[in-house]
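What follows is a single structure, written as structure tokens, with notes after it.
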2 protein chains.
Amino acid sequence: MSERTAVRLRDTIEQEIATGELPPGTRLDETVLAERFGVSRTPIREALLELAASGLVEHRPRRGAVVAQASPGRLFEMFEVMAELEGMCGRLATRRISDWQRKALSDACKACAKAAAGGDTDAYYYQNERFHYAIYSACGNSFLTEEAQRLHRRLKPYRRLQLRVHNRMLTSLAEHEAIVEAILAGDAEAAETLLKAHIVVQGERFSDLVANLSKLEEVAEAR
Amino acid sequence: MSERTAVRLRDTIEQEIATGELPPGTRLDETVLAERFGVSRTPIREALLELAASGLVEHRPRRGAVVAQASPGRLFEMFEVMAELEGMCGRLATRRISDWQRKALSDACKACAKAAAGGDTDAYYYQNERFHYAIYSACGNSFLTEEAQRLHRRLKPYRRLQLRVHNRMLTSLAEHEAIVEAILAGDAEAAETLLKAHIVVQGERFSDLVANLSKLEEVAEAR
DNA sequence: ACAAGTGTTCTTGTATGCAAGAATATTGAC
DNA sequence: GTCAATATTCTTGCATACAAGAACACTTGT
């Protein structure tokens, strides 16, 4: 492995934030992390600064870093932007998708169906991510793909909660299938609208998310 | 000033990239910068890493940092996303703008008109920025505001070139006025469409930008 | 007992030192 | 003279050292 240590550390910490091992609000002590990973503070600091720049951690001057903690309002704002970007991806993908990307999209959707049929929430979570990345990739705008992925990663700590809600997996799957249909049929407007609706947390769904959010905070405080 | 040195350095370097003092492709030697600013390499490194995370500089492992250099295709992609975000800001702002924000928007537009009337390209450049920031701020979604500003800053090194094109300032102003009218009239759809069209570089305008881009690269190579 | 002020400790922020990889120059063969 | 292999130099990446600000505990006065 020729990769920079700091980069590996950044990815590791990011992963732990995404999976919830480091829930929002957790203090990230440089010294503690350095000992834990068996390195000096320098690469840890670099990793934390990069994570802060990407928005996953908050870096308060002279007061250390904590895993970023989004308020319900903030979360709503982030999902609102995510919806717009995903809608844009879908709209563009409809026009620009290549043949092998069509196949990748269908396959990802089928994999979601399989996971849903088996009632496997964790598998669905993973396949769902694959499905959305397939759309990001098909938009024909690599910068947009990167930005969508960036925001997706930033929302990951919260997204996992959504699927735990009762029956969410099945409605999510139905929406996926409608989206694929629209894209493959060449209906850009429908693809955009459906994707936006798929992301946007509104009404009850947003309440569910917020409810789970407070659970997450309890976990953070317990540490 | 109690601000971290690294943060001040980051802002300074970012500014110099935006103004073109450090054109795309310029090598950013840590030691050289450290001597220039009279600090050690540590805060310089942190500043460069943060700029790399924000996309303004490219950081190649063990090979140092350079000011990010966007190809014409990449630039088109970035502007395509910028157009979408600005359109979204306009659409939301139409519904959510407050009274004092209406005034701020009108004032910014009038300031643009004044600068254009005086033929002052530099003043227009500045007031144009103020105008767009007024729209970002009025969208009622602080996360979207931040993201729009972030992308705006990232495009700054290239944006300056656009206005130099003959007559661009006057057409730009006319577009601004139409946008303000749409927002104040409450026509969200028009605001979105007009803003998208205002940003998107298409046809001749994109060619003009690319032509100036190559000039920029000559400057970088001469160093 | 409580509040305010002060001193201690702990963490961050910056400087410096050192090692390893990349770029460059040098030397030798053809 | 050119190309290639090797040696040298230079830059980055990480470790360590030190300084300064923040958190915390303790003391002291009321």
Side-chain angles (χ1 to χ4, degrees), chain A residues 1-17 22-69 217 220-223, chain B residues 1-17 22-69 217 220-223:
Chain A
M1 58 186 154
S2 68
E3 211 171 26
R4 276 175 55 210
T5 308
V7 171
R8 273 184 297 127
L9 291 170
R10 166 168 63 71
D11 293 343
T12 304
I13 296 171
E14 179 177 328
Q15 184 98 6
E16 295 191 353
I17 292 174
L22 295 172
T26 309
R27 217 166 164 321
L28 297 168
D29 187 295
E30 294 177 3
T31 311
V32 171
L33 288 170
E35 283 181 15
R36 189 186 138 198
F37 289 108
V39 297
S40 81
R41 276 177 50 224
T42 309
I44 295 283
R45 241 182 108 71
E46 292 184 356
L48 291 180
L49 285 171
E50 288 187 55
L51 288 171
S54 85
L56 266 170
V57 322
E58 199 177 335
H59 195 92
R60 301 159 305 176
R62 289 222 172 263
R63 303 188 54 213
V66 296
V67 179
Q69 196 165 16
E217 273 159 23
E221 275 168 38
R223 303 201 173 180
Chain B
M1 56 186 155
S2 67
E3 214 170 24
R4 276 175 57 211
T5 310
V7 172
R8 272 185 296 125
L9 291 170
R10 166 168 64 71
D11 292 344
T12 306
I13 296 171
E14 179 177 327
Q15 185 101 5
E16 294 190 355
I17 293 173
L22 295 172
T26 308
R27 209 160 171 328
L28 297 168
D29 187 294
E30 294 177 2
T31 311
V32 172
L33 287 170
E35 282 182 15
R36 190 188 137 197
F37 289 109
V39 297
S40 81
R41 276 175 47 223
T42 308
I44 295 283
R45 240 183 110 70
E46 293 185 355
L48 291 181
L49 285 172
E50 288 187 55
L51 289 171
S54 84
L56 266 170
V57 324
E58 200 177 333
H59 194 90
R60 301 161 306 175
R62 289 224 170 260
R63 302 188 56 214
V66 296
V67 179
Q69 196 163 17
E217 273 159 24
E221 275 167 36
R223 304 200 172 181

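Lettering of chains follows the sequences in order, A, B, ..., and the numbering in each one begins at 1. Predicted model, so just to flag it, every value in this text is computed and none were measured.
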Starting from C1' on D:dC10, measure out to CD on B:Glu30 and report it in whole angstrom.
-> 13 Å
Give the minimum heavy-atom separation between A:Val67 and A:Pro23, together with the two atoms involved.
-> CB-O, 3.6 Å
A:Arg41 has its side chain closest, among D:dA20, D:dG13, D:dA17, to D:dA17
Whole-Å distance separating the CZ atom of B:Arg62 from the P atom of D:dC10 | 17 Å
Using atom CZ of A:Arg27 as one end and atom P of D:dC24 as the other, report the distance to the nearest whole Å.
-> 9 Å
Look at the side-chain N and O atoms of A:His59 and state whether any lies under 4.0 Å from the OP1 or OP2 oxygen of C:dG13.
-> yes
Point-to-point distance, once rounded to the nearest 0.5 Å, from CD of B:Glu46 to CG of A:Leu48 = 10.5 Å
Report yes if a side-chain nitrogen or oxygen of B:Arg45 is closer than 4.0 Å to either non-bridging phosphate oxygen (OP1 or OP2) of D:dG13; otherwise report no.
-> yes
Presence of B:Ser40 side-chain N/O under 4.0 Å of C:dA15 phosphate oxygens OP1/OP2 = yes
Judged by nearest nucleotide, the residue sitting upstream toward the 5' end of DNA chain D, B:Asp29 or B:Thr42, is B:Asp29
For the side chain of A:Pro43, starting at C-beta, report the closest nucleotide among D:dA15, D:dT12, C:dT14.
-> D:dA15
Per the atom types in the model, does the base of D:dG21 pair as donor or acceptor with the side chain of B:Arg4 at under 3.5 Å?
-> no
Might you work through the side chain to side chain contact (heavy atoms under 4.5 Å, CB included) test for B:Thr12 and B:Phe37, ending with a clear yes or no?
-> CA-CA 10 Å; B:Thr12 306; B:Phe37 289 109; 4.0 Å; yes
Going through the checks in order, is the salt bridge (Lys or Arg N to Asp or Glu O under 4.0 Å) test met by A:Glu3 and A:Arg8?
-> CA-CA 7 Å; A:Glu3 211 171 26; A:Arg8 273 184 297 127; 5.1 Å; no
Between A:Ile44 (CD1) and D:dT16 (P), how many Å, whole number?
-> 13 Å
Non-hydrogen atoms of B:Pro43 and B:Ala6 that approach each other most closely | O-CB, 3.6 Å
Starting at atom CG of A:Leu28, determine the distance to atom C1' of C:dT11, rounded to an integer number of angstrom.
-> 14 Å
Give the rounded distance in Å between these two atoms: CG of B:Leu48 and P of D:dT12.
-> 9 Å
side-chain N/O A:Arg63 vs D:dA23 OP1/OP2, d < 4.0 Å = yes
Could you give the CD-to-C1' distance, from B:Glu46 to D:dT12, as a whole number of Å?
-> 15 Å
Separation of C:dA23 atom C1' from B:Arg60 atom CZ, nearest Å, is 12 Å
